[in-house]
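Just so it is clear, the model here is predicted, and its values are computed rather than measured. The residues of the chain are indexed from 1 along the displayed sequence. Basis for what follows: all heavy atoms, side chains included, without hydrogens, waters or symmetry-related copies.
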Amino acid sequence: QVQLVESGGGLVQPGGSLRLSCAASGSILTLYTMGWYRQAPGKQRELVATIPITGGATTNYADSVKGRFTISRENGKNTVSLQMSSLETSDTAVYYCYARMRTTILIVPRDYWGQGTQVTVSS
């Protein structure tokens, strides 16, 4: 069993900042990628940012957040953070932690998701 634990969501004013964190734990065999997706009301879930843990993939950002959001990995840990700055009302969404990994139980790679954390940008 694996777990993605998210923290850091909340309410912030436009122009403000928030930092999200996600920690992966459990029977992880290979962790390939971690990142964040978000889903706003009435919209599909969309990629925000991903960061490679293993392999040759590169950091990836949605065009809408480039220059404002930064994803990073805590050294030596299966933990990623998303530093969100210059937040806009359009950033309001449920943010979901994402991980692509293999586990000791299910050896083929697959996607895993956190429970989601609400980010609300409003004055």
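Tracing side-chain contacts under 4.5 Å through hydrophobic residues (I, L, V, M, F, W, Y), one never reaches Val48 starting from Val94; they form parts of separate clusters. Residue Met101 is grouped with residue Ile107 when hydrophobic side chains (ILVMFWY) are merged at heavy-atom distances under 4.5 angstrom, including chains of intermediate members. Under a hydrophobic-cluster definition in which Ile, Leu, Val, Met, Phe, Trp and Tyr are linked whenever side-chain heavy atoms come within less than 4.5 Å, directly or via other members, Ile105 and Val108 are assigned to different clusters. Hydrophobic clustering keeps Tyr37 apart from Met84 (ILVMFWY residues linked when any side-chain heavy atoms are closer than 4.5 Å, directly or through intermediates).
Using a 4.5 Å heavy-atom cutoff, the side chains of Thr59 and Pro52 are in contact. At a threshold of 4.5 Å between non-hydrogen side-chain atoms, the residues Val12 and Thr120 do not count as touching. Residues Asp91 and Arg68 have side chains in contact (heavy-atom distance under 4.5 Å, counting atoms from C-beta outward). Between Leu18 and Val119 the shortest side-chain heavy-atom distance falls below 4.5 Å.
Not a single donor-acceptor pair under 3.5 Å links the side chain of Gln1 to the backbone N or O of Ser27. At distances below 3.5 Å, at least one donor-acceptor pair connects side-chain atoms of Glu6 with backbone N or O atoms of Cys97. Within the 3.5 Å criterion, the main-chain N or O of Ile71 finds a donor-acceptor partner in the side chain of Tyr61.
Here the CG atom belonging to Leu4 is positioned 5.5 Å from the CE atom belonging to Met34, to the nearest 0.5 angstrom.
When only modelled atom types and interatomic distance are considered, Thr33 and Arg100 share no side-chain donor-acceptor pair under 3.5 Å.
Between Phe69 and Tyr95, the ring-plane angle classifies as tilted under the 30° and 60° cut-offs.
Residue pairs meeting the side-chain hydrogen bond (donor to acceptor under 3.5 Å, both in side chains) criterion with at least one partner in residues 44-53, sequence neighbours excluded, are Arg38-Glu46.
Residues Leu82 and Ala49 come closest through the heavy atom pair CD1-CB, 4.2 Å. Taking all atoms of both residues into account, the shortest heavy-atom contact from Ser86 to Ser17 is N-OG, 4.4 Å.
Aromatic rings of Tyr98 and Trp36 (six-membered ring for Trp) have centroids beyond the 6.0 Å cut-off, not under it.
With Ile28 as reference, Asn78 is the one residue of Thr104, Thr103, Asn78 to meet the side-chain contact (heavy atoms from CB on, under 4.5 Å) rule.
Through side-chain heavy atoms spaced under 4.5 Å, either directly or across other Ile, Leu, Val, Met, Phe, Trp or Tyr residues, Leu11 is tied to no other residue.
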